[in-house]
Amino acid sequence: MKKILIILSVLFFVNMPAFAYNTEAQLQYNRGIDFYNMGKYDEAITCFRSAVKVDPSFIDAYYNLGSVLEFLEQYEPALAVFKQIIVRKPDDYEAVYKAAYLSYKLGQDDKAKTYLTLIPSYSAKYEDAKSLSRELSLSHKSDIEIGSLKIPETNNLYNSIPAPTGITSDNEGNVYVASFTTNSIYKITPDNKKVLFIKNAKIDGPIGIACDKYKNLYIANYNKNNVLKVSPYGEITVLISNLKFPYYIYLTSNILYISAQGSDSVLKYILK
């Protein structure tokens with residue numbers, strides 16, 4: 001049985017025999033699970049990579065590594081990991097489906113369709129495969145519908161930012177967008193590339209965001225009733241706590257103004 005992270009709306013774990021893999025690999029694997037539960041995703045990735053390096057046959061570690069990378073929207077490296085599973089175990093149809101889905105997310109529709117044809121009707125992933133196949137068949141229609149908006153060529157449309165809320169920018173021309181439902185912050189670079197800037201368990205319902213001249217990011221963390229500070233290196237600290245339903249943030253000079261819906265008030269906070 002696998003002990004795997006399944007990235008849907010919930011993470012499920014099932015028991016796996018401790019004797020199944022190399023002891024050192026198993027230790028790294030278990031540390032990866034612990035780090036993931038603490039919201040330390042980079043550390044979890046490092047541990048899962050170490051596990052498969054020690055024991056290249058450790059399928060469950062590959063699966064968790066790929067799942068965390070997918071969770072962080074690092075689709076290309078996630079796809080590479082699931083391909084490693086397919087090479088080692090071609091009948092792992094969960095991995096085949098993941099490869100199809102990630103190919104689809106990367107715009108590689110033909111490759112996605114090829115992977116889907118490998119999933120037999122008796123597989124538990126067959127219905128998911130049929131659903132994705134239908135979505136692929138509609139993808140060109142979606143492109144036409146977006147094109148019908150007649151957006152001027154000088155503008156850009158950034159898709160796949162779930163429930164976008166606050167927007168801010170830094171002094172290097174990067175734009176940051178909060179995603180309320182995925183508890184993450186996206187960054188749009190000056191060359192119009194959209195990347196996932198940060199996703200962490202401390203972020204829960206981000207709405208208003210602001211950026212200072214040092215590229216520190218401030219987040220109105222609605223569901224946690226606090227305001228977070230994110231350093232340019234991704235370090236997260238709680239700047240203000242017990243602020244009921246913080247909503248909008250406005251930064252001027254060294255002063256933060258935060259509206260709080262839960263108390264019908266606006267807080268003035270002087271940055272040090």
Side-chain angles (χ1 to χ4, degrees), residues 1-37 40-137 139 160 195-196 199:
M1 295 292 289
K2 291 184 181 179
K3 182 180 181 184
I4 56 177
L5 305 172
I6 303 175
I7 306 302
L8 297 171
S9 57
V10 181
L11 298 177
F12 300 98
F13 300 90
V14 296
N15 292 325
M16 182 184 67
F19 57 80
Y21 298 105
N22 176 284
T23 302
E24 176 60 24
Q26 182 69 55
L27 177 62
Q28 292 295 332
Y29 176 83
N30 290 337
R31 290 184 65 204
I33 296 291
D34 291 338
F35 278 129
Y36 181 86
N37 288 332
K40 297 182 177 181
Y41 306 125
D42 289 340
E43 289 89 341
I45 288 170
T46 298
C47 287
F48 292 137
R49 287 195 188 280
S50 296
V52 297
K53 184 176 181 180
V54 172
D55 187 348
S57 68
F58 203 154
I59 297 297
D60 301 345
Y62 279 113
Y63 198 95
N64 281 353
L65 173 59
S67 295
V68 176
L69 290 168
E70 178 192 354
F71 179 62
L72 296 175
E73 299 187 18
Q74 298 180 30
Y75 296 136
E76 286 191 16
L79 176 58
V81 171
F82 284 109
K83 285 181 179 179
Q84 290 296 317
I85 297 176
I86 296 168
V87 168
R88 290 164 173 79
K89 192 178 180 184
D91 62 347
D92 190 323
Y93 298 118
E94 287 185 79
V96 175
Y97 175 78
K98 285 287 190 180
Y101 176 75
L102 290 166
S103 296
Y104 164 66
K105 294 294 287 185
L106 290 166
Q108 301 170 5
D109 290 4
D110 290 340
K111 289 184 179 179
K113 291 175 182 177
T114 299
Y115 282 120
L116 291 175
T117 63
L118 302 176
I119 300 175
S121 59
Y122 58 79
S123 167
K125 300 302 294 182
Y126 184 67
E127 291 301 320
D128 289 335
K130 287 203 305 183
S131 177
L132 181 56
S133 182
R134 286 192 294 268
E135 195 165 340
L136 280 164
S137 68
S139 62
S160 301
V195 297
L196 182 68
K199 185 182 184 75

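Numbering starts at 1 and runs along the sequence shown.
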Does the pair Tyr104 and Lys113 meet the rule for a side-chain contact (heavy atoms from CB on, under 4.5 Å), with working shown? CA-CA 9 Å; Tyr104 164 66; Lys113 291 175 182 177; over 6 Å; no

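Looking at Ile86 and Asp92, their side chains never come closer than 4.5 Å, going by heavy atoms from C-beta outward.
Between Tyr101 and Tyr97, the ring-plane angle classifies as parallel under the 30° and 60° cut-offs.
Cation-pi geometry between Lys199 and Tyr41 is not met at under 6.0 angstrom from the ring centre and within 45 degrees of the axis.
Annotation: ring pair (Phe, Tyr, Trp, His ring centres under 6.0 Å) contacts involving residues 72-94, sequence neighbours excluded, comprise Tyr63-Phe82.
With rounding to the nearest 0.5 angstrom, the CG atom of Leu65 is 12.5 Å from the CG atom of Asp60. Interatomic distance, NZ of Lys111 versus NZ of Lys83, reported as 5.0 Å (0.5 Å rounding).
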Extract all donor-acceptor atom pairs below 3.5 Å that involve side chains of residues 122-130 and protein atoms in other chains or at least two apart in sequence.
{"from": "Ser123", "atom 1": "OG", "to": "Lys125", "atom 2": "N", "distance (Å)": "3.0"}
{"from": "Lys125", "atom 1": "NZ", "to": "Asp128", "atom 2": "OD2", "distance (Å)": "2.9"}

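For Arg88, the side chain to side chain donor-acceptor pair (under 3.5 Å) partners are Tyr62, Gln84, not counting sequence neighbours. Listed by chain and number, the residues in a side chain to side chain contact (heavy atoms under 4.5 Å, CB included) with Ala100 are Tyr115, Leu116, Leu132 (sequence neighbours excluded). For the side chain to side chain contact (heavy atoms under 4.5 Å, CB included) test, residues two or more places apart in sequence or in another chain that qualify with Glu43 are Phe35, Lys40. For Gln74, the side chain to side chain contact (heavy atoms under 4.5 Å, CB included) partners at least two apart in sequence or on another chain are Leu69, Leu72, Pro77.
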